[in-house]
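Have a look at the structure below, then the notes.
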Protein chains: 2
Amino acid sequence: MGTNTTRLDRLLAEQLEECCAGDTGERIETLESLSDSADAGGDLQVLSALSDDTRYRLASLLAAADGELCVCELTAVVDVSDSATSHALGDLHDAGLVTRRKDGQWRYYDATERTERVLDALDETRGER
Amino acid sequence: MGTNTTRLDRLLAEQLEECCAGDTGERIETLESLSDSADAGGDLQVLSALSDDTRYRLASLLAAADGELCVCELTAVVDVSDSATSHALGDLHDAGLVTRRKDGQWRYYDATERTERVLDALDETRGER
DNA sequence: CCCATATCTGAACGAATGCACAGCTGTTCA
DNA sequence: TGAACAGCTGTGCATTCGTTCAGATATGGG
């Protein structure tokens, strides 16, 4: 964590004259406790997985389609090689964003609840602030 | 978009014998229309902004704290240089994830609705599938 | 006006990452 | 059993990206 608190000291000292506020150590402790509670589950892995164009397209395609899709259907839509598609789907699977089902020579993927919820959140706040 | 549809042709041909399904062109068109409707607003920019550890910490800190925080408070918690913090906050601002307010020599940031919704979605689906 | 301070900006360098290519596994069908 | 095919994996390369460093801008006080 950061240790240089001179600026924060001054800010708190200034705010003391305006309203309330406590001492620096206490303030930082409060903020750090908020910060530590973050990313209890692999949020960063999820966000990283979705932050690439290819993987984002695949994920939102799987979320938009109701029901699972075959790899060959997905490859037909994203314009990268089979290999890249497979890598991308593997990453999404590792992040818990898609499920994988094998059926003979075909393999089907589907979006998980987590994917849908995150994409919905983005959908619903489109155009705000 | 991808144009090699031989595999998809075969999949659809096989499914024809099992259940319903239409022709390849129609199928791809359906999927592409789903794909195109994605990312109408800068979803990728938002996801990219949140997919970095420093920016994620800043964003979730701002979302967790009720009300705005000063840059010096944020710098005290994330353990990177002032400059890196500033760069990170700038990126978050560009992505529409935080608001910026200037007050004298201090500058205050706050999380937007969009940030809170996305992080909530991740929170609420923690540990699923 | 000058200096200290808070924050931002541009450049540069090292690390991380997405992609294509080649080769591999496993399934289907003759 | 062997050919054809769906999909996965390892590797090298080109690009992107996060950070620090140095310097710029802007605010406040003496």
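Given the structure is predicted, the values throughout are model-derived calculations rather than measurements. Order of the sequence lines fixes the chain letters, A, B, ..., with proteins taken first and strands second; residue numbering starts at 1 for each chain.
- Scored by the side-chain contact (heavy atoms from CB on, under 4.5 Å) test, B:Ser83 finds B:Ser81, B:His87 as partners (sequence neighbours excluded).
- Between the CG atom of A:Leu74 and the P atom of D:dC8 there is a distance of 10 Å, rounded to whole Å.
- Taking the C1' atoms of five terminal pairs at each end of the helix from C:dC1-D:dG30 to C:dA30-D:dT1, the two resulting helix axes are inclined by 30°, rounded to 10°.
- B:Asp52 is linked by a side-chain hydrogen bond (donor to acceptor under 3.5 Å, both in side chains) to nothing, counting only residues two or more places apart in sequence or in another chain.
- A:Thr54 comes within contact range of the sugar-phosphate backbone alone, with a heavy-atom separation under 4.0 Å but no base atom that close.
- With B:Tyr109 as the partner, the side chain to side chain contact (heavy atoms under 4.5 Å, CB included) test is satisfied by one option alone out of B:Leu92, B:Leu69, B:Val71, B:Thr99: B:Val71.
- Of the listed nucleotides (D:dA26, D:dT20, C:dA20), D:dT20 has the atom at the smallest distance from the side chain of B:Val80.
- The backbone N or O of B:Ser51 sits nowhere less than 3.5 Å from a side-chain atom of A:Ser51 that would complete a donor-acceptor pair.
- Summary of the strand contacts: A:Ser51 and A:Gly104 both lie near DNA chain C, and taking for each the nucleotide with the nearest heavy atom, the more 5' one is attributed to A:Ser51.
- If you take CD of B:Glu68 and C1' of C:dT7, they are 16 Å apart, rounded to a whole angstrom.
- With sequence neighbours left out, B:Asp123 forms a salt bridge (charged side-chain N to carboxylate O under 4.0 Å, His left out) with B:Arg126.
- Distance B:Asp53 CG to C:dA15 P: 18 Å, rounded to the nearest Å.
- For a distance-only test at 3.5 Å, the side chain of B:Ser83 fails to qualify as a donor-acceptor partner of the base of D:dT19.
- No donor-acceptor pair closer than 3.5 Å links the side chain of B:Glu116 to the backbone N or O of B:Glu113.
- What separates NZ of B:Lys102 from C1' of D:dG28 is a distance of 13 Å, to the nearest Å.
- For the pair B:Arg100 CZ and C:dT7 C1', the interatomic distance rounds to 10 Å; values are reported in whole Å.
- Partners of B:Asp120 according to the salt bridge (charged side-chain N to carboxylate O under 4.0 Å, His left out) rule, which considers only residues two or more places apart in sequence or in another chain, do not exist here.
- Here the OH atom belonging to A:Tyr108 is positioned 7.5 Å from the SG atom belonging to A:Cys72, to the nearest 0.5 angstrom.
- Listed pair B:Tyr109 / C:dC8 meets the phosphate criterion, a side-chain N or O lying under 4.0 Å from OP1 or OP2.
- When the nucleotides D:dT27, C:dC19, D:dT19 are ranked by their closest atom to the side chain of B:Asp52, D:dT19 comes out on top.
- For the pair B:Arg114 and B:Asp43, the salt-bridge criterion is met [side-chain N within less than 4.0 Å of a carboxylate O].
- Applying the salt bridge (Lys or Arg N to Asp or Glu O under 4.0 Å) test to every pair with at least one member in residues 81-92 of chain A, sequence neighbours left out, gives these pairs: A:Arg55-A:Asp91, A:Asp82-B:Arg7.
- We find that CG of A:Leu44 is positioned 11 Å from P of C:dT17, with the value rounded to whole Å.
- For B:Arg101, the side-chain hydrogen bond (donor to acceptor under 3.5 Å, both in side chains) partners two or more places apart in sequence, or in a different chain, are B:Glu68.
- Taking atom CG of residue A:Asp82 and atom C1' of nucleotide C:dA22, one finds them 13 Å apart after rounding to whole Å.
- Within 4.0 Å of A:Ala84, counting heavy atoms only, lie sugar-phosphate atoms of the nucleic acid but no base atom.
- Of the possible polar contacts, one joining the A:Thr115 side chain to the A:Leu97 backbone as a donor-acceptor pair under 3.5 Å is found.
- A:Tyr108 has its OH atom 18 Å from the C1' atom of D:dC8, to the nearest Å.
- Less than 4.0 Å separates DNA chain D from at least one heavy atom of each of the following residues of residues 86-94 of chain B: B:His87.
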Can you check nucleotides 3-6 of chain D for protein contacts, nitrogen or oxygen pairs under 3.5 Å, and list what you find?
residue: D:dA6; atom: OP1; partner: B:Arg10; partner atom: NE; Å: 3.1
residue: D:dA6; atom: OP1; partner: B:Arg10; partner atom: NH2; Å: 3.1
residue: D:dA6; atom: O3'; partner: A:Gln105; partner atom: O; Å: 3.4

